[in-house]
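Report on one structure; see the data block that follows.
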There are 2 protein chains.
Amino acid sequence: MGSESADKPATLADVARLAGVSQQTVSRVVNNTGPVATRTRARVSEAVGQLNYVPNRLAQGLARRRSHSIGFATNDIALHAPSQLTSGIERAAREVGYSLIVSIVPDYGLGSVTQTLRVLRERQVDGLLINASLSRADAAEIRRRFADVPCVFLDVPPGTPVHAALLDQRRGAVLAAEHLTRLGHTRIACIHAPQDAVAEHSRLQGWQDVLSNQGLSLVGQQEGDWSPASGYRATVALLASGVAFSGLLVGNDQMAVGALRALWERGLRVPGDVSVIGYDDTAESALLIPPLSTVRQDFPTLGRRAFHHLKALLDGQEPQTMPLTQPELVVRASTAAPDERPDWRTALKVLETHLTNR
Amino acid sequence: MGSESADKPATLADVARLAGVSQQTVSRVVNNTGPVATRTRARVSEAVGQLNYVPNRLAQGLARRRSHSIGFATNDIALHAPSQLTSGIERAAREVGYSLIVSIVPDYGLGSVTQTLRVLRERQVDGLLINASLSRADAAEIRRRFADVPCVFLDVPPGTPVHAALLDQRRGAVLAAEHLTRLGHTRIACIHAPQDAVAEHSRLQGWQDVLSNQGLSLVGQQEGDWSPASGYRATVALLASGVAFSGLLVGNDQMAVGALRALWERGLRVPGDVSVIGYDDTAESALLIPPLSTVRQDFPTLGRRAFHHLKALLDGQEPQTMPLTQPELVVRASTAAPDERPDWRTALKVLETHLTNR
DNA sequence: CTAAAAAATGTTAAGGCTAACAGTTGTGTG
DNA sequence: CACACAACTGTTAGCCTTAACATTTTTTAG
């Protein structure tokens, strides 16, 4: 007893033979579809257990024309957002018996996405979750090209006429920028990620809009690639450019790590000299030095919602457009009013501690 | 033109009809198997293009008894290691036409893993990559239960008689501990992750062995859960316990972030008062304050190797046991000799900068 | 006790593809 | 020109399930 595998895995036919019934009856028992006499059911169950029968989902998918799997096409899964998303999606899918085929979109660009989706479609996925940055036009094109598969997009401009589960990137950016302006900052620079990322474009836009509403504009802009190292380099470049700024908007928390570091190296205090605000609220952010003010995004929940939206589509419901998921401003110690004078007392106390300690 | 989808996707039969040949010939053209006359091939290709035929991988898998997909069972994919691994595995798989079904093992324990693998096997995956912490015995049990599917394990004790792709966790731990002892630290504490994680057990073991070789032992131990917050709490607990320590071994870089923070809050300088060394070398580590000494692990490469190992198994080769992948010590500024006196000059200079700046 | 309805079971034909073998056509050789 | 052999193409029988309908019980109502 115990070993779960015979030489060849058992099929419905094997079970049927052993139980002395037809395949169909076995199928009915296994899938709990249609009426089966209690005695028969018992006999079949017995046989199923004995042969250790497990259904072949490939054959099932072929016959049912429903594979009960969905495809998730995403850009670099090693990044914060995609990995968190995956976590939420997988969980939601697993809970209702769906499997997740993950495929990474290797480059930016429509062609790359199309190629990835094509492979997933060949696998007969029932639906597609697409976390690749797509312009309105590109999303429409994909919608057209893959019209036979329900799709939910995760990174398209708001208002794109497709099914989508989106974070309100613009709103988050506005929250961050308003936080700085409300504190009194007027000289604000930013580090944004590549603008071919749709979400990132919304953020930059949001920042700029807030500033121009106040009659301000960004005094400096640098582009990073999401990585801490790029945040560091961008900050160095910003400082080297000679423009003075007291507020720094950063496209994600990882780049903010690099920014904090660059400022620290120059002897610039955060928030005394420069207030820094990030985006994402990663697990590290609350524990950085100083704790990072940021905008919280709940990716696992977004993933879960995206899946449920897709599921509704698969079940033939026409779900209503999902409202943008709202991010949340998290104020920590990396931001403060710009005119705050250096806090002599604290500074001296810290030094004292350092010198006298041990 | 351009729309890729008819009402019902075309099948081999449709293409055959249009091209005026048999299904088998179309199959031969599409899969490039067996000889086909140039003229015929052209006619078939034409028909394929016209009908926009794409093969149905479900049916193909059923007929070939090979799904060309593999299952990846992993614990929390939102963590650093699993997400990096996934990235490497997916890439390697995609390059040779395999798809990846990702399934998260929701809890620790054999039952949970078995359940996850069962689902993947039902999907007829050709092989299994298993990144769940498994004891020698549990791994053997799984090997037995899933004897009909090739498996490669990613988190089992070295020497377990199964196919495995492993990092030399013990070696990495030894590197870290030796680094501290060599610097002259004698009072060393640690923060480790849950010991039901096999890899983590090797690390703790490695640390302890190095110390006992030197006639030392850990002066403090705390358990975290990989998160920065847990690293913070563990450090606070360590400090509260009253034991003095000048070296701190941390199970991963994320917890080290929390540790750095806790030390900083207490006015303890790193490395002046406490040297801290992490594990993983995440993208942030080089840019923390101070830059974190750590042990580098290349997960994407490990993932890639694991896949290739599995692939070899699938292709009927009996690949030789893979040597443990070696981690690498990365020395940065968070570690130094314990007897280094506070550097008054630097401290004063920093204060001066702070006060006079702007 | 019988007819009709309900329940239980079986049969047949797909679903889309490939393996294995069976033909057919064409080429080169003695 | 017949023969062997290669190149090409077709036929048949699965792979494992389910849908749809057909048939055989059983139950229920009259």
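The shown structure was predicted, so the numbers you read here are calculated from the model rather than taken from an experiment.
With salt bridges taken as basic N to acidic carboxylate O contacts below 4.0 Å, one links B:D148 and B:R121. Ion pairing between a basic and an acidic side chain is recognised when a charged N comes within 4.0 Å of a carboxylate O; B:E46 and B:R41 show no such pairing. Checked for salt-bridge contact, A:E95 and A:R304 meet the test: a charged N lies under 4.0 Å from a carboxylate O.
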Under the criterion side-chain contact (heavy atoms from CB on, under 4.5 Å), I'd like the reasoning laid out for B:L85 against B:N131: C-alpha separation, chi angles, the key distance, then a yes or no.
CA-CA 9 Å; B:L85 265 179; B:N131 180 44; 3.6 Å; yes

Using the side-chain hydrogen bond (donor to acceptor under 3.5 Å, both in side chains) rule, take A:S83 and A:T86 through it: C-alpha gap first, then chi angles, then the decisive distance, then the call.
CA-CA 5 Å; A:S83 73; A:T86 307; over 6 Å; no

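Considering only heavy atoms from C-beta on, B:I70 stays 4.5 Å or farther from B:I101 through its side chain. In this structure, the side chains of B:V113 and B:L134 come closer than 4.5 Å at one or more pairs of heavy atoms.
Of the residues B:L128, B:L154, B:L310, B:I104, the one that meets the side chain to side chain contact (heavy atoms under 4.5 Å, CB included) test with B:F72 is B:L154.
Relative ring orientation between A:Y98 and A:H68 is described as parallel, the plane-to-plane angle staying below 30° on a 0-90° scale split at 30° and 60°.
Protein chain B contacts DNA chain D over a range whose 5' and 3' limits, counting nucleotides with an atom under 4.0 angstrom from a non-hydrogen atom, are D:dC8 to D:dC16.
Sorted by first then second residue, the salt bridge (Lys or Arg N to Asp or Glu O under 4.0 Å) pairs that include residues 122-136 of chain A, not counting sequence neighbours, are A:E122-B:R57.
Residues of residues 32-46 of chain A that place a heavy atom closer than 4.0 Å to DNA chain D do not occur.
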Got a list of protein N/O to nucleotides 10-18 of chain C N/O distances below 3.5 Å?
| unit_1 | atom_1 | unit_2 | atom_2 | d |
| --- | --- | --- | --- | --- |
| C:dG10 | OP2 | A:S22 | N | 2.7 |
| C:dG10 | OP2 | A:S22 | OG | 3.1 |
| C:dG10 | OP2 | A:T25 | OG1 | 3.0 |
| C:dG10 | N7 | A:R28 | NH2 | 2.9 |
| C:dG15 | N2 | A:A59 | O | 3.4 |
| C:dG16 | N2 | B:A59 | O | 3.4 |
| C:dC17 | OP1 | B:Y53 | OH | 2.4 |
| C:dC17 | OP1 | B:N56 | N | 3.1 |
| C:dC17 | OP2 | B:L12 | N | 2.5 |
| C:dT18 | OP1 | B:N31 | ND2 | 2.7 |
| C:dT18 | OP1 | B:Q60 | NE2 | 2.9 |
| C:dT18 | OP2 | B:S27 | OG | 2.6 |

Nucleotide N/O of nucleotides 22-24 of chain C paired with protein N/O under 3.5 Å:
none

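Axis orientation changes by 40° from one end of the helix from C:dC1-D:dG30 to C:dG30-D:dC1 to the other, with each end axis drawn from 5 pairs and the value rounded to 10°.
Environment of CZ in A:R91: sparse, with no more than 12 heavy atoms of neighbouring residues, nucleotides or ligands closer than 6.0 Å.
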